[in-house]
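Below you'll find the structure, written out as structure tokens, and then a few comments.
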Amino acid sequence: MRSCAKPVQALPLVESGAADRFGFTEQELAVCCASHAGEVMHRGAVQRILDKIGLSGQALACGIHPPYNREERRRLLAEGREPDPIHHNCSGKHSGMLAVCVHRGWPVEGYLDPDHPLQAEILQCMSDLTGIPRDEIRLGVDGCGVPVFGLPLVAMARVFAHLASDAGHPDHRDALRRIRAAMIGNPEYIAGSGQFDTLLMQKCKGRVVAKSGAEGVFCCGLTGRGWGMAVKIEDGSTRAIPPVVI
């Protein structure tokens, strides 16, 4: 499911009470669901989260890559600076995971380990929303080090049907609503300027909740109908995603 799983990976942040304890704004909750482009607004939101939970960017185990946004890449080069972990497109997700660990007194070290209590809780959330038993969900390692979920497309679509529906899932309904509101209310934080999932949510004005994933995966939900859709481009290219999804 790649990065399309990020709204599910954010569920413990809301359900544990961490988001409330640390006073997360909607923008900060949205960036925890994001594959952001490393723009100023994205980095600012991640930095605020880290400040609130008392950690530095060095606690992020996502790795480092140049920002996706071309202007930000050029600015770094022009200034002779190297990217840091906050530029990573998954730094929001990781900062949200760290917030849960700090809130619950769980070890910050090793928070990406599949046996860490946070990852076990996320796996249970994924099982709940897909209807697939935990031990039947295939686990791999995503590009940012987090456990990633191998699922049938229909299961991915079911996740976004829950996310899009007011009925949601009985065990996660309130958190799903809050995450959906953060995503569709702040689409620029989910990807960034000119990115397809951001543009789709901006143009649809609350009728669609959407999230891209690597390797040609894309999931979205129609909020008025509670429908979910999952797309996988077989060769892993994202080029076909916009016309297929539209």
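C219 and C4 get closest at one heavy-atom pair: N-SG, 3.6 Å. The heavy-atom pair separating A182 from E26 by the smallest distance is CB-O, 3.7 Å. For the residue pair A230 and L153, the shortest heavy atom distance occurs at CB-O, 3.5 Å. Scanning both residues, A161 and G226, for their nearest heavy atoms gives CB-O, 3.5 Å. In this structure, V100 and A18 approach most closely via the heavy-atom pair CA-CB, 4.2 Å. When all heavy atoms of S91 and P85 are compared, the closest pair comes out as CB-O, 3.4 Å.
Checking side-chain atoms of Q119 against main-chain N and O of H116 turns up no donor-acceptor pair under 3.5 Å. Between the N69 side chain and the E72 main chain, a donor and an acceptor come within less than 3.5 Å of each other. With T238 contributing its side chain and I241 its backbone, the two residues share no donor-acceptor pair below 3.5 Å. Judged by distance alone, with hydrogens and angles left aside, the side-chain atoms of H42 form no donor-acceptor pair with the main-chain N or O of G92 at under 3.5 Å. Between the side chain of R73 and the backbone N or O of Y68 there is at least one donor-acceptor pair closer than 3.5 Å. Judged by distance alone, with hydrogens and angles left aside, the side-chain atoms of R173 form a donor-acceptor pair with the main-chain N or O of A167 at under 3.5 Å. In this structure, the side chain of R177 does not engage the main chain of G168 through any donor-acceptor pair within 3.5 Å.
When the shell of 6.0 Å around CD of Q58 is examined, it contains 12 or fewer heavy atoms from other residues, nucleotides or ligands. The 12-atom threshold is not exceeded at CZ of R138, counting heavy atoms of other residues, nucleotides or ligands nearer than 6.0 Å. Within a 6.0 Å radius of CZ in R70, no more than 12 heavy atoms belonging to other residues, nucleotides or ligands are found. When the shell of 6.0 Å around CH2 of W227 is examined, it contains 12 or fewer heavy atoms from other residues, nucleotides or ligands. Other residues, nucleotides and ligands contribute at most 12 non-hydrogen atoms within 6.0 Å of the CZ atom of R225. For E109, the CD atom sits in a loose shell: 12 or fewer heavy atoms of surrounding residues, nucleotides or ligands are nearer than 6.0 Å.
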Inset, instruction - For H169 and D128, run side chain to side chain donor-acceptor pair (under 3.5 Å): C-alpha distance rounded to whole Å, both residues' side-chain angles, the deciding distance at 0.1 Å, then the answer. - result: CA-CA 8 Å; H169 185 282; D128 292 343; 5.4 Å; no
Legend entry - Verdict with supporting geometry, M41 and E188, side chain to side chain contact (heavy atoms under 4.5 Å, CB included): CA-CA 9 Å; M41 60 182 169; E188 66 277 10; 3.8 Å; yes
Inset, instruction - Could you please spell out the steps behind the side chain to side chain contact (heavy atoms under 4.5 Å, CB included) verdict for V31 and I49? - result: CA-CA 10 Å; V31 86; I49 292 171; 3.9 Å; yes
Inset, instruction - Verify side chain to side chain contact (heavy atoms under 4.5 Å, CB included) between R2 and V148, making sure each step is shown before the conclusion. - result: CA-CA 6 Å; R2 304 302 298 252; V148 67; 3.8 Å; yes
Legend entry - side chain to side chain contact (heavy atoms under 4.5 Å, CB included) between V208 and T223, worked out: CA-CA 6 Å; V208 172; T223 59; over 6 Å; no
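Inter-residue side-chain proximity for L76 and P67 is flagged as met; some heavy-atom pair is nearer than 4.5 Å. Looking at heavy atoms from C-beta onward, L11 lies out of side-chain contact with I122 at the 4.5 angstrom threshold. Between T198 and S193 the shortest side-chain heavy-atom distance does not fall below 4.5 Å. Contact of the R158 side chain with the V154 side chain is registered, since non-hydrogen atoms from C-beta on lie closer than 4.5 Å. In this structure, the side chains of H36 and Q195 stay at 4.5 Å or more apart for every pair of heavy atoms. Side-chain contact between H87 and D84: present, with at least one pair of heavy atoms (C-beta onward) separated by less than 4.5 Å.
Both L112 and V46 are part of a single hydrophobic cluster, where members link through side-chain heavy atoms under 4.5 Å apart. Linking ILVMFWY side-chain heavy atoms closer than 4.5 Å, directly or via other members, places V8 and I132 in a single hydrophobic cluster. Clustering ILVMFWY residues whenever any of their side-chain heavy atoms sit less than 4.5 angstrom apart, transitively, puts L151 in the very cluster that holds L163. I179 and L200 fall into different hydrophobic clusters, where Ile, Leu, Val, Met, Phe, Trp and Tyr residues are linked whenever their side-chain heavy atoms come under 4.5 Å apart, directly or through other members. Grouping the Ile, Leu, Val, Met, Phe, Trp and Tyr side chains by contacts below 4.5 angstrom, directly or via other members, places M229 apart from L129.
With respect to the salt-bridge test (charged N to carboxylate O, under 4.0 angstrom), the residues D142 and K6 do not qualify. A salt bridge does not link E71 to R74: none of the charged nitrogens lies less than 4.0 Å from a carboxylate oxygen.
Ring geometry, H65 versus H88: the interplanar angle falls from 30° to 60°, so the pair is classed tilted. Relative ring orientation between F196 and F218 is described as tilted, the plane-to-plane angle lying within the 30° to 60° band.
For the 3.5 Å distance criterion, the side chains of S35 and K211 qualify, holding a donor opposite an acceptor.
In this structure, the separation between NE2 on H94 and CD1 on I86 is 13.0 Å, given to the nearest 0.5 Å. With values rounded to the nearest 0.5 angstrom, K93 atom NZ is found 5.0 Å from S3 atom OG. Note that CZ of R239 is 10.5 Å distant from CD1 of I233, once rounded to the nearest 0.5 Å. Here CZ of F22 is found 9.5 Å from CG of L13. Values are rounded to the nearest 0.5 Å. Here the NE2-SG distance, from H162 to C125, works out to 12.0 Å after rounding to the nearest 0.5 Å. Atoms CD and CG, on Q9 and L118 in that order, are 9.0 Å from each other to the nearest 0.5 Å.
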